[in-house]
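Worksheet for the structure shown next.
Values below: all heavy atoms of this structure, side chains included; hydrogens, waters and symmetry mates excluded. Nothing fancy with the numbering, it's 1 onward along the sequence.
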Amino acid sequence: MASAAQWLEGARPRTLPNAIAPVLVGTGAAASLDAAVWWKALLSLLVSLALIIGVNYANDYSDGIRGTDDERVGPLRLVGSGLASPAAVRGAAIACLSVGAIFGLILVITTAWWLLLIGAACLAGAWFYTGGSKPYGYSGFGEIAVFIFFGLVAVLGTEFVQAERLDWAGLVGAIAVGAFSSAVLVTNNLRDIPTDSVTGKTTLAVKLGDTRTRTLHLVLMVVPFVASLLLVMRTPWALTGLLAIPLAVRSNAPVRGGQQGPGLIPSLRDTGLAMLGWSLLTALALGLG
């Protein structure tokens, strides 16, 4: 039986910046319109956290029963390691996704009914990333989905439920966060190219190959800082986002340096930290603007 600490590790806490960053930037965008609503920001954060933990457990379950986690390098896999039964991990995934759905329903009721459709799409995207008979994560669409759901949808959704409108600054911020989130997955999939190649998991990294995947990570890490320059048109404080460049450089170093397998794990951590640092600085800048 898995211990509480192992269940926590199975939730993959290092991915939590992917959930926190879009809410920070979306709230900053709402604040720049003088429309931030603290309790809706908090609910948005709870939805985002519940969904990403649910996604992580769902991936653990689906990859585990397919056998693709049997030789995987990286964080603990509950099903693949045999520490937890598939049914228990599936139940944890469903519970977390349900919690996210409940909090999301409150935002729907207090904002606009059609957000329910977006919420349903998010839940479907979470489950079918590695679940179902034809998971899209096994066909190279994972990075696109992460960009959409943890970038565009999460940032603009957070802005909309507070301000009840969208603007160009929110869109620029959403693209930046989406690029960061995709970079996290690119690093993860770069690390797993050797094992994914033999288990039939055809990620974007497997399709692109090692060299081009490393180039993609660099490009994605540059995008948010271009966004900082664009956001100067909203507020000159947006330049503070450039202070996160050292974190981005550090996160790309193992990728740039040709590290393989476990050597890429620091890049996963540091890409998330760069995203969190940039998002916090940008949210504060937009709020001040």
Side-chain angles (χ1 to χ4, degrees), residues 15-38 40-49 51-52 104 107 111-112 115 118 121-122 125 143-186 217 219-248 251 271-289:
T15 64
L16 295 186
N18 295 65
I20 299 170
V23 177
L24 286 174
V25 175
T27 300
S32 74
L33 299 173
D34 296 321
V37 181
W38 72 267
K40 286 191 172 184
L42 178 59
L43 275 179
S44 297
L45 179 60
L46 293 174
V47 170
S48 192
L49 288 170
L51 288 182
I52 201 163
L107 290 172
T111 307
L115 289 174
I118 295 177
C122 290
E143 284 80 0
I144 295 174
V146 165
F147 181 85
I148 292 172
F149 290 118
F150 285 101
L152 301 183
V153 172
V155 174
L156 295 176
T158 299
E159 180 183 21
F160 185 81
V161 297
Q162 296 179 65
E164 298 196 16
R165 64 188 177 99
L166 303 176
D167 75 328
W168 69 268
L171 178 59
V172 170
I175 291 170
V177 173
F180 268 130
S181 289
S182 296
V184 172
L185 185 57
V186 164
H217 184 272
V219 171
L220 290 170
M221 295 303 290
V222 168
V223 169
F225 301 104
V226 175
S228 292
L229 299 178
L230 293 175
L231 288 171
V232 169
M233 291 186 287
R234 171 60 54 87
T235 170
W237 287 104
L239 289 176
T240 59
L242 300 180
L243 295 174
I245 287 178
L247 291 173
S251 73
T271 301
L273 289 176
M275 171 169 51
L276 199 56
W278 182 89
S279 298
L280 178 58
L281 290 167
T282 301
L284 290 172
L286 289 172
L288 289 171

**Request:** Applying side-chain contact (heavy atoms from CB on, under 4.5 Å), run through Val184 and Asn18 and close with a yes or a no.
**Result:** CA-CA 8 Å; Val184 172; Asn18 295 65; 4.0 Å; yes
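- A distance of 8.0 Å separates CG of Leu107 from CG of Leu115, quoted to the nearest 0.5 Å.
- Judged purely by atom type and a 3.5 angstrom limit, Lys40 has no side-chain atom pairing as donor or acceptor with the backbone of Gln162.
- Pro22 approaches Ala154 most closely through the heavy-atom pair CB-CB, 3.4 Å.
- Between Phe160 and Ala112, the shortest heavy-atom distance links the atoms CE2-CB, 4.3 Å.
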**Message:** Using the rule given for side-chain contact (heavy atoms from CB on, under 4.5 Å), can you reason through Ile175 versus Val223, listing the C-alpha separation, both sets of side-chain angles and the distance that settles it, and then say yes or no?
**Reply:** CA-CA 8 Å; Ile175 291 170; Val223 169; 4.1 Å; yes
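- Annotation: the span from Met221 atom CE to Ser182 atom OG amounts to 11.5 Å, rounded to 0.5 Å.
- Using a 4.5 Å heavy-atom threshold, the side chains of Leu288 and Thr235 count as separate.
- In this view, Ser48 satisfies the side-chain hydrogen bond (donor to acceptor under 3.5 Å, both in side chains) rule with no residue, not counting sequence neighbours.
- Leu156 is linked by a side chain to side chain contact (heavy atoms under 4.5 Å, CB included) to Glu159, Leu166, Leu171, Ala174, counting only residues two or more places apart in sequence or in another chain.
- Here the closest heavy-atom approach between residue Phe225 and residue Ala248 is recorded as CE1-CB, 3.6 Å.
- If you take CG on Leu239 and CG on Leu229, they are separated by 6.5 Å, rounding to the nearest 0.5 Å.
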**Request:** Check the pair Ser181 / Phe149 against side-chain contact (heavy atoms from CB on, under 4.5 Å), numbers first and verdict last.
**Result:** CA-CA 10 Å; Ser181 289; Phe149 290 118; over 6 Å; no
**Message:** Test side-chain contact (heavy atoms from CB on, under 4.5 Å) on Leu33 and Arg234; report intermediate values, then the result.
**Reply:** CA-CA 10 Å; Leu33 299 173; Arg234 171 60 54 87; 4.1 Å; yes
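- Residue Phe150 holds its CZ atom at 8.0 Å from OG1 of Thr15, rounded to the nearest 0.5 Å.
- Looking at every heavy atom in both residues, Gly241 comes nearest to Leu281 through CA-CB, 4.2 Å.
- Residues Pro246 and Leu243 approach most closely at CD-O, 3.2 Å, considering heavy atoms.
- Minimum interatomic distance between Ala274 and Ala244 (heavy atoms only, all atoms of both residues): O-CB, 4.2 Å.
- Here the side chains of Val23 and Val155 are not in contact, with every heavy-atom distance at 4.5 Å or above.
- Remark: Leu231 CG to Ser32 OG distance equals 9.0 Å, nearest 0.5 Å.
- Residues meeting the side chain to side chain contact (heavy atoms under 4.5 Å, CB included) test with Ser279, sequence neighbours left out: Ala21, Leu24, Val25, Val177, Met275.
- Rounded to the nearest 0.5 angstrom, Leu185 CG and Leu220 CG are separated by 10.0 Å.
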